[in-house]
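Down below is the structure, laid out as C-alpha cells.
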Amino acid sequence: MEKKLKNQKAITLIALVITIIILLILAGISIASLTGSGVFERAKESKEKSEQAQIKEEIEMSIMDIQIEEISKGNNVTLESLSNEENGQLANKLEGITATLNDNEINGEYKGYEYTIDNNLKVTVGDPIKGISFSYTLTPKGYTNENIILTVNAKSTNGNITNIEVNGLTRNEDGTFTITQNGEYQVTVTDSTGDTRTKPLNIQKIDKVAPTKVEVTIEDVTTDGFTIKANAEDGESTTNSAKSGIGRYEYYIKKDTEENYQKYESAEEKYKISGLELGDKYNIYIIAYDKAENYKQSEVITYKLSLPFICNLGVENPMFETYQGTPEYKGKEEGIYLNNSVIATKENYELNENYTIIIETKNIENSNIGANSIGFMLAFGYGGPDMGSCSLAIIRTTTYWATSGAGDQYAVGTEKDEYPINEWLISAIKYDGTNFSYFINGEKIGTSSRSSIKDSKLYIGGISNSGSYSVGCSWGYGNGYYRNLAIYDNALSDEELANYSFND
C-alpha cells in the first residue's frame, strides 16, 4: 500500500512538470506573437497611422485657414509665404511646427513626425522620428515688443532627455529660455545614451521701434460724412529690432463743441464716417499700431464738413465781384480774360485746416513788373487795405512757384522753362496739415513744411505789395485766361491730383 502511494505521487509530479512545460511553451508562443508581427505590432502601427492622420488633418486645416485669411486680403498663399519666418504663417497656426522651404516643397517636423508640403499644397506625413525629436513653443507668438519665452519640448526613443542648451542663453529655473533680441540661435538636445541633436532657431519677431509717421487726410466727402485716411510709416529695422509693419489703426473723431471722442478700430488705412452734420467742424486724430503693438499718434486736425466749391469762371458768377479792371467773360470753354484786372470773392473765404486749391489757366504773354517777370494766377490775402496778414499764392516767374506764409518765406518751386503760353494748364496747391505742396498738371513740383494761411479774401488775377508782406512787387497781373476754380476742404491725395480734371 505504501509503495502504491509513492508511485502515485511520482506520477503526479511528472504530470505537473509536463503541464508547466506546456504552459511555458504556450506562453512563449503568445508573447512571440504579440511582440513580433502580432497584436502589439499591429496596435503600434494602428496608433502611428492614427497620429499621422491627425497630424495631416491639422496641417491641412491650418493651410485652409491661412488661404481664407489671405485670399480675402487679395494675397496668394505659396510655399514661400507658408514657410517664411518673417510672416510665420504656419508657425503662427501650429505651435512647435518647423517649416523649411527646399526645392519646390516644404520639409518640416510636427509632433514627432516628419512631413512635406508639395507645390500643390498637398500634405504628406512620414514615419515617426527615431531617436531625439523636439519642437519649440514661443510665448508670445508672432511679432512682439516684449521678450520671448522659449520652451523646448523634447523626447527620445533611445533614452531620457538629460540636457537642453541654447547658445548664448541661460536656462531659467522652470526650464525655459528668455530671448531678448532677434538673431540666429542653435538648440541642442542630449539624451541619456549620449546622442545629441541640434536645430537652428531664427528669431526675427521682436520689434521695439514705434511707427515714425502718422498723418491724417480726408477723402470722399459727402453731405453726411467722409473717409479718414491714415498715412503711416513703421520704424525701420535695427540690429536688435525687426520691422513688423503697420497692423491696425484707431480712428478718433468728435464735434469740436463736444468733449468726448468716438473711437473706431480697423486694420485698414481708411475708415468711412457717416451720420455727420454738413457745416459742422470735427476734431480728428489717428493712432497707428505696428504688428508688435508699438504705436504713434497723429496730430489732431480740425475738419469742417463741406462740399467742394467748384465753379466755371467764364460766366458771370454772383460769388465774385470785380476788384479792379474789366473782366471779359468768354464762356465756359474760353473762361474769363483778365488783363491788368482782378476778380475777388464778395466775402472772406475761410479755408479748412487741410485744403486743396485748383485753378485752370492759359497765359498769353509775360508781364513785366519791376525787376521781376511775374504772371499771377491766384492768391489769398493780397489786395488793398483789406489785405490779410498772411499770403497764399500760385504765381509764375521764370520758375514755377507757390508761396505760403509771410510773403515768399515758405515758397516751393523748381527750375524749369517759363510757364508755357497759349496752353491750358491746371495748377494746384494743397496743405495736408504738415506739408504744403505745389502741382502743375498733376506733377508735384515742390513741397514745403509749413502753411500758415487759414482765411482771407480770395483774389484772382493780381497781386499787391500794399501791406506788410509781399513777393517782391508792387502790383502784378496775370495776362491770360482763367477757366475753372475748385477749393476742397481737404488735402486731395497725390494720386487724385495726378488724375484730376474739371467736369463739364
Side-chain angles (χ1 to χ4, degrees), residues 72-74 211 213-233 246-258 261-289 296-312 349-360 426-439 441-444 447 451 453-455 484-504:
S72 67
K73 300 175 185 177
K213 170 189 171 182
V214 185
E215 296 174 354
V216 181
T217 57
I218 304 298
E219 298 180 348
D220 304 326
V221 180
T222 64
T223 56
D224 71 338
F226 44 75
T227 296
I228 306 174
K229 181 182 178 182
N231 304 292
E233 294 179 3
I246 303 299
R248 66 183 183 91
Y249 303 89
E250 291 178 351
Y251 298 87
Y252 293 83
I253 180 171
K254 75 176 185 70
K255 191 181 296 186
D256 67 345
T257 57
E258 297 176 347
Y261 281 90
Q262 293 288 327
K263 182 177 80 169
Y264 304 90
E265 296 186 56
S266 175
E268 304 299 324
E269 65 177 12
K270 294 183 179 182
Y271 197 88
K272 177 69 176 178
I273 303 290
S274 58
L276 306 180
E277 294 293 330
L278 195 65
D280 284 345
K281 288 185 178 181
Y282 294 89
N283 296 333
I284 305 162
Y285 70 92
I286 297 171
I287 300 178
Y289 293 82
K296 182 177 177 64
Q297 178 179 319
S298 72
E299 294 183 356
V300 178
I301 69 164
T302 300
Y303 181 78
K304 179 182 178 181
L305 179 58
S306 62
L307 296 178
F309 171 75
I310 302 177
C311 71
N312 183 281
Y349 191 98
E350 182 181 357
L351 289 176
N352 200 45
E353 294 291 324
N354 301 332
Y355 54 79
T356 305
I357 304 171
I358 307 171
I359 190 166
E360 190 175 23
I426 296 177
S427 297
I429 50 180
K430 77 166 181 176
Y431 182 61
D432 62 9
T434 302
N435 293 314
F436 170 80
S437 303
Y438 177 40
F439 298 77
N441 280 352
E443 178 186 358
K444 183 183 287 186
T447 300
S451 176
I453 186 71
K454 297 303 176 192
D455 60 274
N484 287 303
L485 170 69
I487 303 175
Y488 291 80
D489 281 341
N490 63 292
L492 300 183
S493 67
D494 290 1
E495 293 77 15
E496 288 175 306
L497 286 171
N499 299 293
Y500 192 89
S501 63
F502 287 95
N503 297 323
D504 294 335

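Here the structure is a predicted model, which is why all the values come from computation and not from measurement.
For the atom pair OG1 of Thr217 and CD1 of Ile301, the computed distance is 8.0 Å after rounding to the nearest 0.5 Å. Atoms OH and OH, on Tyr282 and Tyr261 in that order, are 13.5 Å from each other to the nearest 0.5 Å. How far CG of Asn354 is from OH of Tyr303: 8.5 Å, rounded to the nearest 0.5 Å. Remark: Lys213 NZ to Ser298 OG distance equals 12.0 Å, nearest 0.5 Å. Rounded to the nearest 0.5 angstrom, Asp256 CG and Lys254 NZ are separated by 6.5 Å. Taking NZ from Lys255 and CD from Glu277, the interatomic distance works out to 6.0 Å, rounded to the nearest 0.5 Å.
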Practice item. Could you go through the side chain to side chain contact (heavy atoms under 4.5 Å, CB included) check for Ile426 and Asn441 one step at a time? Key: CA-CA 5 Å; Ile426 296 177; Asn441 280 352; 3.9 Å; yes
Exercise for review: Could you give me the CA-CA distance, side-chain angles and deciding distance for Glu215 and Asn231, then say whether side chain to side chain donor-acceptor pair (under 3.5 Å) is met?
Suggested key: CA-CA 5 Å; Glu215 296 174 354; Asn231 304 292; 4.9 Å; no
Practice item. Go through the steps for Thr223 and Leu307 under the test side chain to side chain contact (heavy atoms under 4.5 Å, CB included), then give the verdict. Key: CA-CA 7 Å; Thr223 56; Leu307 296 178; 3.9 Å; yes
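With Asp220 contributing its side chain and Phe226 its backbone, the two residues share no donor-acceptor pair below 3.5 Å. Remark: side-chain polar atoms of Thr356 are not paired, donor with acceptor, to backbone N or O of Tyr488 under 3.5 angstrom. The backbone N or O of Leu492 lies less than 3.5 Å from a partner atom in the side chain of Lys430, making a donor-acceptor pair.
Listed here is the closest heavy atom pair of Lys229 and Ile286: O-CD1, 3.9 Å. Considering all non-hydrogen atoms of both residues, Val216 and Glu299 come closest at CG2-O, 4.4 Å. Nearest heavy-atom pair across Ser437 and Thr447 is OG-OG1, 3.4 Å. Nearest heavy-atom pair across Pro211 and Lys296 is O-CD, 3.1 Å. The minimum heavy-atom distance linking Val221 with Leu305 is given by the pair CG1-CD1, 3.7 Å. Between Ile357 and Leu485 the shortest heavy-atom distance is CG2-CD1, 4.3 Å.
The only member of Ile253, Thr257, Val300 that meets side chain to side chain contact (heavy atoms under 4.5 Å, CB included) when paired with Asn283 is Val300.
Under the 6.0 Å distance and 45° angle rule, Lys263 does not count as a cation-pi partner of Tyr252.
Side-chain contact between Ile358 and Phe502: present, with at least one pair of heavy atoms (C-beta onward) separated by less than 4.5 Å. The side-chain heavy atoms of Ile284 and Ile218, taken from C-beta on, include a pair separated by under 4.5 Å. A heavy-atom distance below 4.5 Å is not found between the side chains of Tyr271 and Glu250. Contact annotation: the side chain of Ile310 never approaches that of Asn484 to less than 4.5 Å [non-hydrogen atoms, C-beta and beyond].
Side-chain polar atoms of Tyr249 and Glu269 form no donor-acceptor pair below 3.5 angstrom. In this structure, a donor-acceptor pair under 3.5 Å is absent between the side chains of Gln262 and Tyr264.
Annotation: Lys272, atom NZ; neighbour count of heavy atoms from other residues, nucleotides and ligands within 6.0 Å is above 12.
The ring of Tyr500 has its center no closer than 6.0 angstrom to the ring center of Phe439.
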